Peer 1: 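First, the structure itself, so that you have it in front of you.
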Protein chains: 2
Amino acid sequence: MAKRVRLLDVAKAAGVSQGTASNAFGKPDLVRKEVRERILEVAKELGYRGPHVMARMLRTGKAGALGVVFPDNLEYAFSDPVAIELLRGVGRECARQAVNMMIISAENPEQAITAINNAAVDAFLVHCYSDDNDIISAIQRRNQPLVCIDTDIAGAAGTVVLDDFAGAQMAAQHLIDCGARKFAILSLQANKAENFGPMNAKRRGAVSHRVVRERLGGYHAALKKAGIAIEDIVHIECENMSSHSAEMVETMLRDHPEIDGILAMSDVIAIGALDGARAAGRKIPDDLKVIGFDGIAEGERTDPPLSSIRQDSVEKGRLAAEMALGEAESDSRVLETSLLVRGSTR
Amino acid sequence: MAKRVRLLDVAKAAGVSQGTASNAFGKPDLVRKEVRERILEVAKELGYRGPHVMARMLRTGKAGALGVVFPDNLEYAFSDPVAIELLRGVGRECARQAVNMMIISAENPEQAITAINNAAVDAFLVHCYSDDNDIISAIQRRNQPLVCIDTDIAGAAGTVVLDDFAGAQMAAQHLIDCGARKFAILSLQANKAENFGPMNAKRRGAVSHRVVRERLGGYHAALKKAGIAIEDIVHIECENMSSHSAEMVETMLRDHPEIDGILAMSDVIAIGALDGARAAGRKIPDDLKVIGFDGIAEGERTDPPLSSIRQDSVEKGRLAAEMALGEAESDSRVLETSLLVRGSTR
DNA sequence: GTGCAATAATGAATCGATTCAATGAATGCA
DNA sequence: TGCATTCATTGAATCGATTCATTATTGCAC
């Protein structure tokens with residue numbers, strides 16, 4: 001293979017200094033028009049392909065890219081509807097700022113750390129639930145701006161979270177207003193260690209995932225206020241997959257026929273719950289009210305359409321990107337939620 | 001800000017050559033254990049953050065990333081279910097090969113070209129419909145492996161496409177088998193220039209998007225064989241959005257009450273068609289059969305569930321990534337489709 | 001014609017690693 | 001003891017740009 005044509009070669013051939021040749025490409029207004037044109041012409045003749053990206057990066061220190069990390073589960077980034085909305089928002093802001101989007105990919109945590117160390121980016125965005133994490137430390141070691149989404153980590157440059165507590169409270173209050181009295185909570189995974197199924201008090205007390213902790217707190221607060229004892233609530237921890245929650249709910253409803261209100265921590269789980277309830281012979285919303293969390297588009301098409309707590313995940317991603325790229329005003333934002341009433345509670 | 005600690009600083013402090021220090025990090029087995037440990041220790045003391053990514057890239061010429069470009073519409077990449085599956089596949093392969101995934105982001109074609117020129121990647125993957133494209137040229141100018149998905153472009157290192165013709169043929173044949181005789185085809189955008197609505201013969205003759213050309217050809221072939229004249233088919237070009245196709249279909253069904261079979265070039269369009277047909281008072285599948293294309297998961301939950309031509313978009317993305325990263329056997333692959341019969345044609 | 005400012009161009013230093021031919025030391029074998 | 005071989009280390013060259021202090025040129029006003 002022929003040796004790559006360098007800027008220096010172009011400069012020599014055009015009879016100008018390397019500095020001028022560089023400016024002809026990067027800062028055209030610093031070079032006299034005719035000189036610049038000659039340089040570009042010579043460049044074309046020699047087959048120069050434009051400034052070498054890596055060399056420029058090394059010199060300028062700018063990568064022109066934002067790193068996006070999903071430590072908990074990487075396949076999840078392109079599967080979960082909420083994660084996808086998040087990515088859409090990140091992409092939107094990156095496009096606005098003319099910065100590329102580097103998705104850190106890995107099959108396991110160890111690989112992820114290597115991937116992080118090899119990524120030429122200017123800042124990191126990390127979406128995760130747990131806050132104790134080798135991956136987070138690896139990012140922090142790079143000493144670049146880091147914005148955390150959905151969790152608050154000490155030392156992060158910024159944080160974007162939801163007011164999960166208030167949202168959950170709203171959800172539970174809504175079910176109470178609809179007349180439900182016997183509740184089941186379908187929780188997202190609460191800890192690093194998987195432990196799906198009924199959730200005992202001990203595990204409820206040791207929730208390391210911020211989102212789960214807050215939402216659980218919000219549910220409990222509203223229910224308590226309505227005079228419902230926490231011990232009377234059925235807690236189940238579900239994988240964030242409709243098929244999984246469907247199974248769980250079907251079983252659960254057979255064991256606890258009295259349940260008339262289901263609080264699901266995600267719409268994906270809630271959609272499965274609708275299926276499970278149908279399989280267990282319940283009529284929704286007559287026998288049983290179900291409310292999800294997130295307000296994803298799929299919730300419009302379920303049978304019946306799913307009530308939920310709407311969050312703006314696109315904006316969440318966009319905002320986080322904006323922060324990471326250093327254009328945001330504050331370094332910590334809490335987004336609000338709103339109640340979305342549809343057929344599953346009406 | 002204190003000056004960054006360089007490898008050279010570490011080497012000096014540890015009393016070894018820079019080469020040895022480099023090896024201590026990059027090729028540990030070339031350095032005696034005690035020496036390596038001392039180097040690492042000194043590095044930690046000095047606050048050395050590990051080899052500088054950009055410097056390494058410049059020297060080695062490897063970026064450790066795969067560029068992914070969506071020239072037609074960038075927001076689309078995180079909106080369309082099929083594009084997302086594609087990304088999932090790409091992500092899977094990238095993870096397997098320990099390579100990051102650089103999503104080229106831009107708001108307009110001009111910006112996209114800059115973004116491409118600024119991206120430190122080892123290869124490119126491009127998903128697009130049209131084959132004449134400034135963006136493609138920009139990528140080709142970089143002289144790196146380029147794999148095209150869903151279109152075949154001269155000079156690409158590889159191509160991954162679907163047997164769209166056969167799939168479309170299968171779809172049309174299925175509707176014929178179900179007894180439909182009066183057809184409407186809901187096409188994806190056929191050309192760079194947007195022109196949604198009824199599609200005249202002239203526009204049908206000048207389809208620049210390969211996918212549309214092939215699928216249209218497949219539909220026509222099957223219908224012709226069944227003795228249906230092309231002129232009797234209603235052609236409508238839709239935006240790939242359910243809400244848009246719903247409107248189009250509702251209007252279309254009022255103008256053409258005889259239609260009893262709808263061939264949609266995507267499931268997204270088909271799902272809108274179900275809504276539009278319902279709004280126009282049709283019963284599916286009794287009055288009207290509808291079949292989509294792609295076989296996306298959402299099709300299971302529509303009312304009625306959507307028949308479709310299934311394609312494995314995840315595998316399409318994975319395979320393309322594999323090719324681009326240079327591990328695939330061949331440089332051109334055509335994937336097969338299969339018929340997915342559900343409620344909308346039964 | 002002189003002085004001053006503005007504009008162009010120069011060329012060497014720099015960004016921070018990796019690589020590789022050369023050298024030195026240590027080991028194995030006859 | 002001598003020679004070949006292996007293992008560890010060195011140090012300079014290299015990857016390919018950008019930057020910036022300096023010099024050269026031009027234009028303009030008085």
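Quantities reported herein were computed from a predicted structural model and do not represent experimental measurements. In what follows, chains are A, B, ... by sequence order, proteins preceding strands, each numbered from 1.
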Peer 1: Would you classify B/Val53 as touching base, sugar-phosphate or nothing, given that sugar-phosphate means primed atoms plus P, OP1 and OP2, and contacts are heavy atoms under 4.0 Å?
Peer 2: nothing
Peer 1: Round to the nearest Å and state the distance from A/Leu30 atom CG to C/dT7 atom P.
Peer 2: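 Whole-Å distance recorded here is 11 Å.
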Peer 1: Both A/Gly19 and A/Ala55 contact DNA chain C. Taking the nearest nucleotide for each, which residue is further toward the 5' end?
Peer 2: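 Nearer the 5' end of the strand: A/Gly19.
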Peer 1: Determine: side-chain N/O of B/Thr20 to OP1/OP2 of D/dT10, distance under 4.0 Å, yes or no.
Peer 2: yes
Peer 1: Does A/Arg96 pair with B/Glu107 as a salt bridge, N-O distance under 4.0 Å?
Peer 2: no
Peer 1: Can you tell me the distance, in whole Å, between the CG atom of A/Asp29 and the P atom of C/dT7?
Peer 2: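 For the pair A/Asp29 CG and C/dT7 P, the rounded distance is 11 Å.
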Peer 1: Take atom NE2 of A/His52 and atom P of C/dC15, then tell me their distance rounded to the nearest Å.
Peer 2: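 Distance, rounded to whole Å: 19 Å.
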Peer 1: Between C/dT19 atom C1' and B/Arg56 atom CZ, what is the distance in whole Å?
Peer 2: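 After rounding, the reported distance stands at 14 Å.
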Peer 1: Report which part of the nucleic acid A/Phe25 touches: base, sugar-phosphate, or nothing (heavy-atom distance under 4.0 Å, all strands).
Peer 2: nothing
Peer 1: Determine the contact category for A/Val35: base if any of its heavy atoms lies under 4.0 Å from a base atom, sugar-phosphate if only primed atoms, P, OP1 or OP2 are that close, otherwise nothing.
Peer 2: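 Since only primed, P, OP1 and OP2 atoms lie under 4.0 Å of A/Val35, the category is sugar-phosphate.
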Peer 1: Which is true for A/Lys27 with a 4.0 Å heavy-atom rule: it touches a base, it touches only sugar-phosphate, or it touches nothing?
Peer 2: sugar-phosphate
Peer 1: If you pin B/Ser17 and A/Leu8 to their nearest nucleotides in DNA chain D, which one's is more 5'?
Peer 2: B/Ser17
Peer 1: Please evaluate the base of D/dT14 for a donor-acceptor partner in the side chain of B/Arg59 within a cut-off of under 3.5 Å?
Peer 2: yes
Peer 1: Does a nitrogen or oxygen in the side chain of B/Arg32 sit under 4.0 Å from OP1 or OP2 of D/dA8?
Peer 2: no
Peer 1: Output the rounded distance in Å from CG (B/Leu7) to C1' (D/dA13).
Peer 2: 16 Å
Peer 1: B/Lys12 NZ to D/dA12 P: how many Å, rounded?
Peer 2: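 For the pair B/Lys12 NZ and D/dA12 P, the rounded distance is 12 Å.
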Peer 1: Rounding to an integer number of Å, can you tell me how far A/Gln18 CD sits from D/dA21 C1'?
Peer 2: 17 Å
Peer 1: Salt bridge between A/Arg318 and A/Glu315, side-chain N to carboxylate O under 4.0 Å?
Peer 2: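 A salt bridge is present here (some side-chain N lies under 4.0 Å from a carboxylate O).
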Peer 1: Are any of the side-chain heavy atoms of A/Phe78 and B/Val90 separated by less than 4.5 Å?
Peer 2: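 Not touching, per the 4.5 Å side-chain cut-off.
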Peer 1: Separation of A/Met54 atom CE from D/dT14 atom C1', in whole Å?
Peer 2: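 Nearest whole value for this atom pair: 15 Å.
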Peer 1: B/Ala320 and B/Leu125: which non-hydrogen atoms are nearest, and at how many Å?
Peer 2: O-CD1, 3.3 Å
Peer 1: Quick check for you: among C/dG16, D/dT18, D/dG16, whose closest atom lies nearest to any side-chain atom of A/Thr60?
Peer 2: D/dT18
Peer 1: What is the minimum heavy-atom distance between A/Ala115 and A/Ser105, and which atoms define it?
Peer 2: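 For A/Ala115 and A/Ser105, the tightest heavy-atom pair comes out as CB-O, 3.7 Å.
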